[in-house]
Asks: 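Sending over a structure as structure tokens; questions will come in a sec.
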Amino acid sequence: MNYTPLPNPQTYYAQVWSHVRQVPPGKVVTYGQIAQMIPPPADIDPQDYKAFSPRWVGEAMAASPANVPWQRVINAQGKISQRPGAEKQRHLLEEEGIPFVKDKVDLNRFQWRGPGHEDEPRQASLF
DNA sequence: CGCTTGACCGGAA
DNA sequence: ATTCCGGCCAAGC
């Protein structure tokens, strides 16, 4: 297949950081979710992008500047990816009020829905 | 240059 | 539920 590298990885990483910075405290996103927010670069096959973009997001996190809340990015299973420093990430999230059950976060409740759904006030039951 | 590893994900055994 | 595999990029040695 076409072995096409990203035109400019640093530019892509910058887009990743830009999205991650929008995640409010108390919410989390997944690597794949961030990847889907970014349009595939023109020289990349959409199929290839879908397959590997989550890993590129992970790479961006590894190189993230200090002003990026990297701790709010977890994997699609609601867990923290194993690596040195994983406990620190969990601690930071717990400080933001995110509970862990069996080392997992309930994505149905704490996954950020994106801009416009900042804080979705649960509609009170009408009876 | 060539190989290895990695903060992923979804589908298949 | 768990393990394995394909995808085929980027960075380090």
Side-chain angles (χ1 to χ4, degrees):
Chain A
M1 295 318 200
N2 63 339
Y3 182 82
T4 313
L6 286 170
N8 190 341
Q10 293 181 354
T11 298
Y12 185 83
Y13 294 168
Q15 293 180 74
V16 173
W17 301 328
S18 177
H19 283 287
V20 173
R21 273 192 281 260
Q22 296 179 42
V23 182
K27 292 290 182 178
V28 297
V29 290
T30 67
Y31 297 94
Q33 181 185 353
I34 292 293
Q36 288 183 355
M37 293 177 179
I38 301 172
D43 296 337
I44 299 295
D45 280 350
Q47 206 170 6
D48 295 342
Y49 182 81
K50 183 181 179 183
F52 259 78
S53 55
R55 299 184 71 167
W56 301 341
V57 172
E59 291 171 6
M61 289 296 95
S64 60
N67 60 350
V68 174
W70 55 270
Q71 71 273 18
R72 299 186 192 132
V73 185
I74 61 179
N75 63 33
Q77 295 129 37
K79 296 182 185 175
I80 294 174
S81 300
Q82 166 105 58
R83 69 179 180 288
E87 292 185 356
K88 177 177 162 188
Q89 180 176 8
R90 171 170 175 162
H91 183 68
L92 288 171
L93 291 178
E94 288 177 329
E95 282 186 337
E96 294 183 359
I98 298 176
F100 281 76
V101 180
K102 301 288 185 183
D103 294 333
K104 285 184 299 187
V105 173
D106 185 350
L107 291 179
N108 287 321
R109 292 170 55 198
F110 297 99
Q111 183 173 25
W112 185 52
R113 299 291 184 172
H117 298 260
E118 300 295 339
D119 197 312
E120 185 160 352
R122 183 74 56 234
Q123 180 170 349
S125 67
L126 294 180
F127 88 93

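Order of the sequence lines sets the chain letters (A, B, ...), proteins ahead of strands, with each chain counted from 1.
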Asks: For N75(A) and Q77(A), indicate whether the former's side chain and the latter's backbone hold a donor-acceptor pair under 3.5 Å.
Replies: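 Answer holds: yes.
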Asks: In this structure, how many angstroms lie between the P atom of dC9(C) and the CD atom of Q47(A), rounded?
Replies: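 Checked: the CD to P distance equals 13 Å.
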Asks: Flag yes if more than 12 heavy atoms outside E95(A) fall under 6.0 Å of its CD atom; otherwise flag no.
Replies: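 It does: E95(A) CD has more than 12 such atoms within range.
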Asks: When every nucleotide of nucleotides 5-10 of chain B is labelled 5' to 3' by its protein contacts under 4.0 Å (heavy atoms), B for base, S for sugar-phosphate only, - for none, what sequence of letters results?
Replies: -BBBSS
Asks: Ion pair present between R90(A) and E94(A), side-chain N to carboxylate O less than 4.0 angstrom?
Replies: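 Salt bridge: yes.
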Asks: Once you apply a heavy-atom cut-off of 4.0 Å, does Y13(A) come out as touching a base, just sugar-phosphate, or nothing?
Replies: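 Touches sugar-phosphate only.
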Asks: Look at E96(A) together with K27(A) and state whether they make a salt bridge at an N to O cut-off of under 4.0 Å.
Replies: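 K27(A) and E96(A): not salt-bridged.
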Asks: Please confirm whether the backbone N or O of V23(A) pairs with a side-chain atom of R72(A), one donor and one acceptor, at under 3.5 Å?
Replies: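 Indeed, once roles are kept as given, a pair shorter than 3.5 Å links the two residues.
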Asks: Could you measure between the two P atoms, the one in dC13(C) and the one in dA7(B), and give it in whole Å?
Replies: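 The same atom, P, in both gives a distance of 14 Å.
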